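What follows is a single structure, written as structure tokens, with notes after it.
One-based numbering along the sequence shown. On a predicted model such as this, the values are computed, not experimentally measured, just so you know.
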Amino acid sequence: MATESSPVIQQVGRSPDVTNADVCNDMYHPDLESAATSLLRDRYGRSLQFRDLYSDSKAIIIFVRNFLCYTCKEYVEDLAKIPKSYLQAADVRLIVIGQSSYLHIQHFCDVTGYSHEIYVDTNRDIYCKLGMKKGESSGASGSPHVKSNIITGSIKSIWRAMESPAFDFQGDPAQQGGAVIVGPGM
């Protein structure tokens, strides 16, 4: 049971009694405390610790699968439409984290129009410590943010890969994403 000082953490869509080798390091219970000191990089390659994102203010942190994922791109395009004034009025930061080289951040921001904070967890350390799954899902997302079907979305992803600064997968293509809402004291 969570105390007033500990965060409430729930991974939606998974049963706690499931053992799943598709979760990084075979973890189920997310470990925000151990993830706190993990390093991220910004668009210029500068390092900061994960906890720096939420130690002074509330933050909504979205972990995308990778920067070539068409569903992630379309979701981030919608996040880009959120006015900074709304976030400032709510006293919250909106942050996207990917799992590629920092060299891909600017191109991703250019194609999505995203101007809020964005970082990369190059080694997927935070993804793993927070217990995010690996592996593809064959079902449709059902998200209103996803506008492409699997065929056109995949073709667009391949095209973006060919246009990107470095032709690579821009992260582990099997890594799933997630979201956390955190703040001071967590």
Side-chain angles (χ1 to χ4, degrees), residues 1-14 24 29-100 102 104-122 124-133 137 141-148 170-171 175-186:
M1 174 166 270
T3 65
E4 195 169 313
S5 63
S6 66
V8 176
I9 300 172
Q10 178 182 9
Q11 186 167 353
V12 178
R14 290 187 25 92
C24 294
H29 297 287
D31 189 351
L32 187 62
E33 188 174 329
S34 72
T37 58
S38 296
L39 292 179
L40 295 167
R41 292 200 182 276
D42 68 10
R43 70 181 70 221
Y44 306 107
R46 295 179 296 220
S47 296
L48 69 154
Q49 291 185 335
F50 180 56
R51 72 170 152 223
D52 295 336
L53 302 181
Y54 59 86
S55 61
D56 295 330
S57 64
K58 296 174 285 186
I60 301 167
I61 304 174
I62 308 297
F63 292 84
V64 295
R65 295 182 64 215
N66 61 66
F67 290 152
L68 291 178
C69 168
Y70 72 90
T71 58
C72 298
K73 176 193 171 282
E74 293 175 356
Y75 182 46
V76 173
E77 285 172 337
D78 285 351
L79 293 175
K81 296 174 186 173
I82 299 171
K84 289 187 183 209
S85 61
Y86 287 16
L87 298 170
Q88 291 167 342
D91 192 27
V92 67
R93 297 165 71 180
L94 177 60
I95 302 166
V96 168
I97 296 178
Q99 44 112 11
S100 70
Y102 73 91
H104 295 293
I105 292 175
Q106 188 58 54
H107 182 70
F108 186 71
C109 290
D110 291 344
V111 299
T112 60
Y114 186 80
S115 62
H116 304 294
E117 295 179 69
I118 186 166
Y119 303 93
V120 291
D121 175 12
T122 306
R124 296 182 308 105
D125 191 45
I126 300 166
Y127 284 77
C128 292
K129 289 178 179 175
L130 295 182
M132 294 183 195
K133 277 178 67 171
S137 169
S141 77
S143 170
H145 302 287
V146 179
K147 291 118 184 130
S148 299
Q170 300 183 22
Q175 180 65 58
Q176 298 295 306
V180 294
I181 301 171
V182 290
M186 293 187 164

How close do [X] and [Y] get, counting heavy atoms only, and between which atoms?
{"X": "Q99", "Y": "V64", "answer": "CG-O, 4.3 Å"}
{"X": "R41", "Y": "S47", "answer": "NH1-OG, 2.9 Å"}
{"X": "H116", "Y": "L94", "answer": "CB-O, 3.6 Å"}

Surrounding CG of D42 (heavy atoms of other residues, nucleotides or ligands, distance under 6.0 Å), is the total greater than 12? yes
If you count every heavy atom of other residues, nucleotides or ligands that lies below 6.0 Å from E33 atom CD, does the total exceed 12? no
Compare all side-chain heavy atoms of S55 with those of Q49 and state whether any distance is below 4.5 angstrom. no
Are any non-hydrogen side-chain atoms of F67 and V120 less than 4.5 angstrom apart? yes
Measuring from atom CD1 of I105 to atom OH of Y114, what distance do you get when rounded to the nearest 0.5 angstrom? 11.0 Å
Here the gap from R43 atom CZ to I118 atom CD1, rounded to the nearest 0.5 Å, amounts to 7.0 Å
Check for a donor-acceptor pair, side chain of [X] on one end and backbone N or O of [Y] on the other, with a separation under 3.5 Å.
{"X": "D78", "Y": "Y75", "answer": "no"}
{"X": "D121", "Y": "Y127", "answer": "yes"}
{"X": "H104", "Y": "G98", "answer": "no"}
{"X": "R93", "Y": "L53", "answer": "yes"}
{"X": "T122", "Y": "S100", "answer": "yes"}

Please lay out, stage by stage, how D52 and Y119 fare under the test side-chain contact (heavy atoms from CB on, under 4.5 Å). CA-CA 12 Å; D52 295 336; Y119 303 93; over 6 Å; no
Between F50 and F63, how do the two ring planes meet: parallel, tilted or perpendicular, split at 30° and 60°? tilted
